[in-house]
J.: 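First the structure, then my questions, so here it is.
Counting starts at 1 for both ligands and their atoms, following the listed order.
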Amino acid sequence: MKIERVDLMVIKTPIVGHFETSYERVYEEEKLLLKFYTPDFIAYTECVSETSLGYSYETIGTSIEVIKKHLLPAIMGKALNGPEDFWVHCGHFRGHPMAKASVENALWILKALESNVSLATLLGNRKETIVSGVSIGIQDSIGELLDQVEGYLSQGYPKIKLKIKPGVDIDCIRAVRDAYPDINLMVDANNAYRIDDVDALKAMDEFNLSMIEQPLAADDIYYHSKLQALLKTPVCLDESIQDSYHASIALEMDACRIINIKQGRVAGLGKAKEIHDICARAGVGVWCGGMFETGIGRALIIALAGLENFIYPNDISASDRYYQEDIIEQGFKLNSDGTINVPKGPGLGVDVNNDILDTYTIYHEVIRL
Ligand code: OSB
Ligand code: MG
């Protein structure tokens, strides 16, 4: 495969309601989309970087810079065999996993198109469906939180994740658990606690949570290991696991019992598979996190989330959880058993709706050889 042209597009779309984490509240999403052209195929990818510096140091702006100035010049016009060649040409560049992922993933999709198989098949996902789940932002009141939970449960979501932060935690968890004693319930703190908050975290043990995601700082695998030893509830790491090395030492240190794999956080599908395999060998299950993906990014993580060791419900909901109108032809729907279908067609297996894409596009740049 030889990449001859890449279009960089930024779209801006409203989201359904709002989404609040321990670090910010958002009402709309901007997403960087990439369209790769080879003489024979076209592949779309989505970069998961955001506009703010809340989740990562990468932003849409830094991603555009890194992709344009460093990644594309290293691979465009070269004869590439597949995703492994991304690392031959770009392995020496430091950092910026989200930017890297948006380019490396294209080589997976192009490889799948060349082989006339689905991305899922190329990755080794033999499942028809993946298990869905929904992430609920911090709400203004417990009443609103219970309304949200009820709404998603009635749609059939098999897992509820609540965003929490210090002071907006135990009361919310207790209210939801009292109302729904048996649901699969977990929480995500996005780094908001310190090891000194151990009592507040220990107090969560009585609610039979399936896990507590990323309670402490991203670079604090050490204190996560101290914390896990004090908790009955499994700790799940998200922001802390930026590469295979982090996954290996987190498991060796017993810093968590579960890992949330986000391909964008770890520089793409190849690295995500590596971390999946490290966890499988250690007997530690994983699940697939989300970053408000449009249908393009959603199709990609659905293809990944069917690998064998994705044994927990994923943060992959139907398209309408965030978007009134998705940019792909057939938005992803929730099946009555709480699953979502894995696309079967060649490559990503979804078609972009160009009219809808155009409506939301606020920036479009063409990069040619
Ligand atoms: O921490 O998992 C997270 C969204 C953006 C950034 C970080 C996170 C999230 C979510 C939403 O929890 C997951 C989704 O439904 O896409
Ligand atoms: Mg998280």
J.: Would you mind listing which atoms of ligand 1 come within a distance below 4.0 Å of any non-hydrogen atom of Ser135?
T.: 10 (C), 11 (C), 12 (O)
J.: Is it the case that the side chains of Glu30 and Thr51 hold a donor-acceptor pair, with the cut-off being a distance below 3.5 Å and no angle test?
T.: no
J.: Do the side chains of Lys271 and Asp243 get close enough for a salt bridge, i.e. N-O under 4.0 angstrom?
T.: no
J.: Write out the residue and atom name of the closest protein heavy atom to atom 13 (C) of ligand 1, then the distance separating them to 0.1 Å.
T.: Gly290 O, 3.3 Å
J.: Any chance you could measure Glu28, atom CD, to Phe292, atom CZ, to the nearest 0.5 Å?
T.: 12.5 Å
J.: Within ligand 1, which atoms have a heavy atom of Lys163 less than 4.0 Å away?
T.: 1 (O), 2 (O), 3 (C), 8 (C), 9 (C), 10 (C), 12 (O)
J.: So for ligand 1, is Phe19 a polar contact partner (N or O within less than 3.5 Å, distance only)?
T.: no
J.: If the threshold is 4.0 Å, N to carboxylate O, is there a salt bridge linking Lys100 and Glu104?
T.: no
J.: Output the list of atoms in ligand 1 that are nearer than 4.0 Å to some heavy atom of Tyr322, sorted by atom number.
T.: 11 (C), 13 (C), 14 (C), 15 (O), 16 (O)
J.: Would you say ligand 1 has an N or O under 3.5 Å from any N or O of Glu239?
T.: no
J.: If you measure every N or O of Asp188 against every N or O of ligand 1, does any of those distances drop under 3.5 Å?
T.: yes
J.: Answer yes or no: is there an ion pair linking Asp140 with Arg25, defined by an N-O contact shorter than 4.0 Å?
T.: yes
J.: Return yes if a side-chain donor-acceptor contact under 3.5 Å exists between Tyr223 and Arg194, otherwise no.
T.: no
J.: Numbering the atoms of ligand 1 from 1, which are under 4.0 Å from a heavy atom of Asp315?
T.: 12 (O), 13 (C), 14 (C), 15 (O)
J.: Considering heavy atoms of the protein only, find what lies nearest to atom 4 (C) of ligand 1 and give residue, atom and distance to 0.1 Å.
T.: Phe292 CZ, 3.5 Å
J.: Using a cut-off of 6.0 Å, state whether more than 12 heavy atoms not belonging to Glu144 lie near its atom CD.
T.: yes
J.: If you have a sec, work out which protein heavy atom is nearest atom 6 (C) of ligand 1 and how many Å separate them, to one decimal?
T.: Met291 SD, 3.4 Å
J.: Surrounding CD of Glu84 (heavy atoms of other residues, nucleotides or ligands, distance under 6.0 Å), is the total greater than 12?
T.: yes
J.: Quick check: does Arg298 get an N/O under 3.5 Å from an N/O on ligand 1?
T.: no
J.: If the threshold is 4.0 Å, N to carboxylate O, is there a salt bridge linking Lys161 and Asp188?
T.: yes
J.: With a 3.5 Å cut-off and no angle check, do the side chains of Asn260 and Glu213 form a donor-acceptor pair?
T.: yes
J.: Against heavy atoms of Asp238, which atoms of ligand 1 measure under 4.0 Å?
T.: 1 (O), 2 (O), 3 (C)
J.: Does a side chain donor of either Glu46 or Ser102 reach within less than 3.5 Å of an acceptor in the other side chain?
T.: no
J.: List every atom of ligand 1 that sits less than 4.0 Å from any heavy atom of Glu213, numbering the atoms from 1 in the order shown and giving each element.
T.: 2 (O)
J.: Can you tell me how far the CZ atom of Arg257 sits from the CD atom of Gln228, to the nearest 0.5 Å?
T.: 3.5 Å
J.: Please confirm whether Lys262 comes within less than 3.5 Å of ligand 1 when only nitrogen or oxygen atoms on both sides are compared.
T.: yes
J.: Taking only heavy atoms of Asn190, which atoms of ligand 1 are found under 4.0 Å from at least one of them?
T.: 1 (O), 3 (C)
J.: May I ask you to check whether Lys161 has an N/O atom sitting below 3.5 Å from an N/O atom of ligand 1?
T.: yes
J.: So which N/O/S atom does Asp238 have closest to the Mg ion (ligand 2)?
T.: OD2
J.: Angle at the Mg ion (ligand 2) between OE2 of Glu213 and OD2 of Asp188, to 10°?
T.: 90°
J.: Polar contacts were defined as any N/O atom of the residue lying under 3.5 Å from an N/O atom of the ligand; does this apply to Tyr55 and ligand 1?
T.: no
